Every structure is written in C-alpha cells, then in structure tokens.
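Input: a single structure, listed below in structure tokens.
All values below were derived from every heavy atom in this structure, side-chain atoms included, with hydrogens, water molecules and symmetry-related copies excluded. Everything numeric in this text was worked out from a predicted model, so none of it was measured.
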Amino acid sequence: MFKGCHFPPEIILTCLRWYARFKLSYREIEELMAERGVAVDHATINRWVVKFSPQLLQAAREHKPPVGSSWRLDETYIKVRGQWKYLYRAVDKVGDTVDFLLTAKRDKAAALRYLRQAIAHNGVPLKVTIDRSGSSTAALEAYNADAESLIEIRRCRYLNSIVEQDHRFVKQKMRAALGFQSFCTARATIMGIELVHMIRKGQVRPLPNGTDAEQFYAHAA
C-alpha cells in the first residue's frame, strides 16, 4: 500500500487517523507532526487522505460483520465547492453502519444506486425505515419490482432518529473541514471518516483485542 512513499507507514497512518477522528485541519496536523520532529506539509497529508482512505476502507470491508436486517435510511448534506451534495447513509436498528454513498443529486436514481451498493455489501434487508423522502420510496419500490424482492418500506421519522443522530459524527468533521474543493476529495475523505466511525462503534475489528488506533493501523497490514 505504501510502496514508494517517502515517509514511514506509521507516520502516514497517524496523520490519516488524526484527520478522520478529530476536528483537526491539515495545517494543525502539520504543526503537531512538527512538534514530534516530523516535517510534513499539510498538502501532503491531504494527498495521503485522498489516496489511502479508499484502500483502508476496502481492507476493512473484509472484517465487517453482517448488519441487522432492519435498516434506517436517510440522507444528509455535504458542501462541495460551495454546492450541496448528498450523503446517503443507513444504520441497522442497533446503530451499526450499513453503508454510505456520496451523490451529486438527491433523486430516485441516486437513492437506487445507494440501495444496490448497500445490498451488494450486506445482503437484502427485511425492512427499511425512511422518512417522507419521495426519492427513497421510489428507489425501494423500484428495487422490489426489479429484483422481485419483498423489502418492507416503513415511513416513520421517530424510528429514523437513530440514523439522524449517527450523522452527527460525520457532520461535525465536515464542519471542521469547511467544505471540499472537489467531489472526489470529498468522497475519499468521507471513506476515512466513516471507517474510523465504524471502528469506534466496534464494528470493524481485525484484531481480537486492541485500541481503536491499533484496529485502524491493522487494516494496512
């Protein structure tokens, strides 16, 4: 994963985890590294996040256990180049992350693309709870028709509060980042943030024991 890099893997991984876990800017991480005797530019740290976050998430998916069959689906907003984009996310009834997808639009096609990705990674749920979103309803109905599936569609804002609360960790980091300059950068960065969030929830643990930091580093082994 780190072949050809000028910095040791432990330095790269530490910067990645700090950025994804804490409300730190790239310049603040640059300063923290300088205090530890490591001279690394904030732009380099940004490139590491964009390059390695997708690879770490891919490795983590191999250790992610199945989620429950009752999902709570919702979307939230992320600002990219001054424009709002849409982050589809779902958790099961105990709060474990199902999947996530950043899309340019909030419509039936985007919701269906997310649903197919989530099902590919987790299997077909028995029921999906949504709010009054017309796009999510249309996507679920289209999936049921195309796949001859019988996913139960529930519309209940109260039951969906669990996923709305789960958005907070991601949204807090997004506010600290002050938006993104490109869609690709936003998508890759969110992968790192969501990975750290799953580790914190105890979902992705390649080691039988170990701290959250050790679990994160293990995905690069």
d(Leu57 CG, Ile193 CD1) to nearest 0.5 Å is 12.0 Å

Requested in this report: Mark yes or no for whether Asp166, through its side chain, and Ile162, through its backbone, hold a donor-acceptor pair below 3.5 Å.
Outcome: no

When you measure from the side chain of Glu214 to the backbone N and O of Thr211, does any donor-acceptor pair fall under 3.5 Å? yes

Q) Is a donor on one side and an acceptor on the other found under 3.5 Å between the side chain of Thr185 and the backbone of Gln181? A) no

Checklist entry - Taking the side chain as C-beta and beyond, is there a heavy-atom pair between Leu150 and Asn144 under 4.5 Å? => result no

Distance col, row Leu102:CG vs Phe180:CZ, nearest 0.5 angstrom, shows 8.5 Å

Give me the ring orientation class for Tyr86 and Tyr77: parallel if the planes are under 30° apart, tilted from 30 to 60°, perpendicular past 60°.
perpendicular

When rounded to the nearest 0.5 Å, the distance separating CG of Leu140 from OG of Ser135 is 9.5 Å

| said: For a 4.5 angstrom cut-off between non-hydrogen side-chain atoms, does Met1 reach Leu56? | reply: yes

Quiz item: Would Arg205 and His63 count as having a side-chain donor-acceptor pair, cut-off 3.5 Å?
Solution: no

Report task. Apply side-chain hydrogen bond (donor to acceptor under 3.5 Å, both in side chains) to Ser69 and Lys127, showing your working. Result -> CA-CA 7 Å; Ser69 60; Lys127 61 185 70 174; over 6 Å; no

Of all heavy-atom pairs linking Ser136 and Leu73, the shortest is OG-CD2, 4.1 Å

### Test side-chain contact (heavy atoms from CB on, under 4.5 Å) applied to Arg21 and Arg200, step by step
CA-CA 9 Å; Arg21 172 65 182 86; Arg200 292 180 68 223; 3.5 Å; yes

In this structure, is the centre-to-centre distance between the rings of Phe2 and Phe52 below 6.0 Å?
yes

Tightest non-hydrogen contact, residues Asp92 and Gly68, listed as OD2-N, 2.9 Å

Exercise for the section: Tell me whether Tyr217 is reachable from Leu207 by hopping between hydrophobic residues (I, L, V, M, F, W, Y) whose side-chain heavy atoms are closer than 4.5 Å. Expected result: no

> Hey, does the side chain of Gln55 reach the backbone of Lys51 with a donor-acceptor pair shorter than 3.5 angstrom?
Replying inline: yes

- Item | Hydrophobic cluster identity match, Leu87 and Val67, side-chain contacts under 4.5 Å | no

With a 4.0 Å cut-off on N to O distance, would you call Glu164 and Arg72 a salt bridge? no

**Item:** Over 12 non-hydrogen atoms of neighbours within 6.0 angstrom of CD in Glu152
**Value:** yes

Heavy atoms of Ala20 and Val196 approach each other most closely as CB-CG2, 3.5 Å

For the CD atom on Glu148, are there more than 12 heavy atoms of other groups (residues, nucleotides or ligands in this structure) within a distance under 6.0 Å? no

- request: Please assess Tyr143 against Ile151 for the test side-chain contact (heavy atoms from CB on, under 4.5 Å), listing each intermediate value before the final yes or no.
  value: CA-CA 9 Å; Tyr143 183 87; Ile151 300 173; 3.8 Å; yes

Applying a strict under-4.5 Å side-chain criterion to I, L, V, M, F, W and Y, I'd like to know whether Ile190 and Phe22 cluster together.
yes

In short, Cys156 meets Thr129 closest at the heavy-atom pair O-CG2, 3.7 Å

Are any of the side-chain nitrogens in Arg106 or Glu75 under 4.0 Å away from the carboxylate oxygens of its partner? yes

Q) Do His42 and Glu31 have side chains that get closer than 4.5 Å, going by heavy atoms? A) no

*Hey, does Thr137 have a side-chain heavy atom less than 4.5 Å from the side chain of Ile130?*
yes

*Kindly say whether the aromatic ring centers of Tyr19 and Trp48 come within a distance under 6.0 Å.*
no

Smallest heavy-atom separation, Leu112 atom then Ala142 atom, equals CD2-CB, 4.4 Å

Using atom types as modelled and distance alone, determine if a side-chain donor or acceptor of Gln203 lies under 3.5 Å from a backbone N or O of Thr97. yes

task: Give the cluster check for Phe216 versus Leu32: same hydrophobic cluster or not, with ILVMFWY residues linked at side-chain heavy-atom distances below 4.5 Å.
output: yes

Here the gap from Gln215 atom CD to Met198 atom CE, rounded to the nearest 0.5 Å, amounts to 13.0 Å

field: Salt-bridge contact Asp99-Arg61 (side-chain N to carboxylate O under 4.0 Å)
entry: yes

Hydrophobic cluster membership, Phe183 vs Tyr114, 4.5 Å side-chain cutoff: no

Check your understanding: Does any non-hydrogen side-chain atom of Arg154 lie less than 4.5 Å from one of Val128?
Key -> no

Query - Note: Asp96-Lys64 ion pair, threshold 4.0 Å (strictly below) - result: no

For Lys108 and Ala139, the nearest pair of non-hydrogen atoms, with its separation, is O-CB, 3.9 Å

Note, Cys5 side chain near Ile12 side chain (heavy atom, < 4.5 Å):
yes

* Should His219 and Leu13 be marked as a side-chain contact (heavy atoms from CB on, under 4.5 Å) after you check the CA-CA gap, both sets of side-chain angles, and the distance that decides it? -> CA-CA 10 Å; His219 293 300; Leu13 288 168; over 6 Å; no

OG1 of Thr76 to CZ of Phe100, rounded to nearest 0.5 Å, is 14.0 Å

Rounded to the nearest 0.5 Å, the OG atom of Ser161 sits from the CG atom of Asp131 at a distance of 11.5 Å

* Asked: Is there a side-chain contact (heavy atoms from CB on, under 4.5 Å) between Met33 and Thr14 once you walk through the steps?
  -> CA-CA 9 Å; Met33 279 292 164; Thr14 297; 3.6 Å; yes

Donor-acceptor contact below 3.5 Å, side chain Ser53 vs main chain Val49: yes

| task | Determine whether the side chains of Lys85 and Thr103 contain a donor N or O and an acceptor N or O closer than 3.5 Å. | result | no

I want to check something: taking the side chain as every heavy atom from C-beta on, are Glu30 and Val38 in contact at a cut-off of under 4.5 Å? no

Pairwise side-chain contact, Trp71 with Val91, heavy-atom cut-off 4.5 Å (strictly under):
no

